[in-house]
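In what follows, every heavy atom counts, from backbone to side chain, and hydrogens, waters and symmetry copies are set aside.
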Amino acid sequence: LMNRRRSGLRIGRRRGFSNPFAGLIVGPFLAVFGAILLIVGWGWYGKTAEWAAAGGTAKGTVVEMKQRQSTSDNGSNILYQPVIEFKTESGEVIRYTDPTSTSSPRHQIGDQVEIVYDRNFPTDARENNFLSLHFPDAIVMGMGGFFLLMGLIGGIRSLVLVFAAGGIAAYLLAKKKENEEKDQLQV
């Protein structure tokens with residue numbers, strides 16, 4: 001342990017940028033990237049809201065809960081997707097599987113749910129709730145907000161350091177010039 005400390009390795013030390021002024025480059029990049037994600041997410045949200053407002057609505061019935069197995073490094077997990085049957089305004093019976101999977105069943109067979117569907121393509125339907133309609137948009141906007149905030153914080157921090165360094169440098173130069181003038185007056 002003592003050798004590690006002497007060799008310059010610090011255990012448990014949080015590492016940041018090696019150059020505190022790197023935020024002047026990274027900050028604006030992250031801010032622009034975050035702003036783009038925010039704009040894209042907001043656009044998707046607007047299109048989804050427009051689609052839902054123009055679509056038909058119907059009461060649907062959950063007729064089945066599909067199960068599928070998902071595997072990851074942490075093991076396997078069972079995901080559930082509701083199969084919903086509904087009637088369009090024209091009387092056509094549509095059966096569709098909600099693309100949103102959850103680790104616990106959101107519905108039981110026989111549950112009534114509100115459906116929004118495209119009148120021209122009634123198989124393009126979604127459950128009328130936040131998770132089915134706007135969750136992906138919210139994820140993209142949340143990531144955009146995070147990157148924008150990190151970029152602004154990094155950029156502002158680096159600008160403060162630049163101005164502080166500039167102020168210190170100006171002060172030191174002024175002191176040096178003052179001392180040189182004093183030395184010349186004494187000669």
Got a donor-acceptor contact below 3.5 angstrom from the R106 side chain to the Y80 backbone? no
Is there a donor in the side chain of S76 and an acceptor in the side chain of Q69, or the other way round, less than 3.5 Å apart? yes
Using 0.5 Å steps for rounding, measure from the CD1 atom of I84 to the CZ atom of R126. 13.0 Å
Please report the shortest heavy-atom distance between H107 and V62, naming the atom on each side. CB-CG2, 3.8 Å
Assigning hydrophobic clusters by single linkage (Ile, Leu, Val, Met, Phe, Trp, Tyr; side-chain heavy-atom cutoff under 4.5 Å), is L30 placed with M141? no
Checking T48 side chain against W44 main chain: does a donor-acceptor pair fall under 3.5 Å? yes
Honestly curious: do V140 and F130 fall in one hydrophobic cluster under the side-chain, below-4.5 Å linking rule? yes
Do I36 and F147 have side chains that approach each other closer than 4.5 Å (heavy atoms only, starting at C-beta)? no
For A49 and H134, work out which heavy atoms get closest and say how close. N-CE1, 3.9 Å
Can you measure from CG (L79) to CE (M65) and round to the nearest 0.5 angstrom? 10.5 Å
For the atom pair CE (M143) and CG (L148), what is the distance rounded to the nearest 0.5 Å? 13.0 Å
Kindly work out whether a path of hydrophobic side-chain contacts (I/L/V/M/F/W/Y, heavy atoms less than 4.5 Å apart) joins Y45 to L38. yes
Would I115 end up clustered with L133 when hydrophobic side chains under 4.5 Å apart are linked, directly or stepwise? no
Decide side chain to side chain contact (heavy atoms under 4.5 Å, CB included) for F86 and T88; before the verdict, give the C-alpha distance in whole Å, the side-chain angles of both, and the deciding distance to 0.1 Å. CA-CA 7 Å; F86 66 96; T88 65; 4.0 Å; yes
Answer yes or no: is there a donor N or O on one side and an acceptor on the other, between the side chain of E85 and the main chain of R95, under 3.5 Å? no
Is there a side chain to side chain contact (heavy atoms under 4.5 Å, CB included) between T102 and L131? Walk through the geometry before answering. CA-CA 10 Å; T102 56; L131 181 65; 4.2 Å; yes
Rounded to the nearest 0.5 Å, what separation is found between the CD atom of E181 and the CD atom of Q184? 7.5 Å
At what distance, to the nearest 0.5 angstrom, does CD of E89 lie from CZ of R119? 4.5 Å
Please state whether the rings of F29 and F33 are parallel, tilted or perpendicular, taking 30° and 60° as the class boundaries. parallel
Quick check: is Y96 connected to F135 through a chain of hydrophobic side chains (ILVMFWY, heavy atoms under 4.5 Å apart)? no
For a quick check under 3.5 Å, do Q112 and T61 share a side-chain donor-acceptor pair by atom type? yes
Exam field: side chain N179 to backbone K176, donor-acceptor pair closer than 3.5 Å: no
I need the minimum non-hydrogen distance between V116 and W51, along with the two atoms involved. O-CH2, 3.6 Å
Start with the C-alpha gap between I78 and S103, add the side-chain angles, then the distance that decides, and say whether side chain to side chain contact (heavy atoms under 4.5 Å, CB included) holds. CA-CA 6 Å; I78 295 176; S103 59; over 6 Å; no
What are the two closest non-hydrogen atoms of N129 and S132, and how far apart are they? OD1-N, 2.8 Å
Crowding at CD, E180 (>12 non-hydrogen neighbours, <6.0 Å): yes
Does any non-hydrogen side-chain atom of F146 lie less than 4.5 Å from one of L37? no
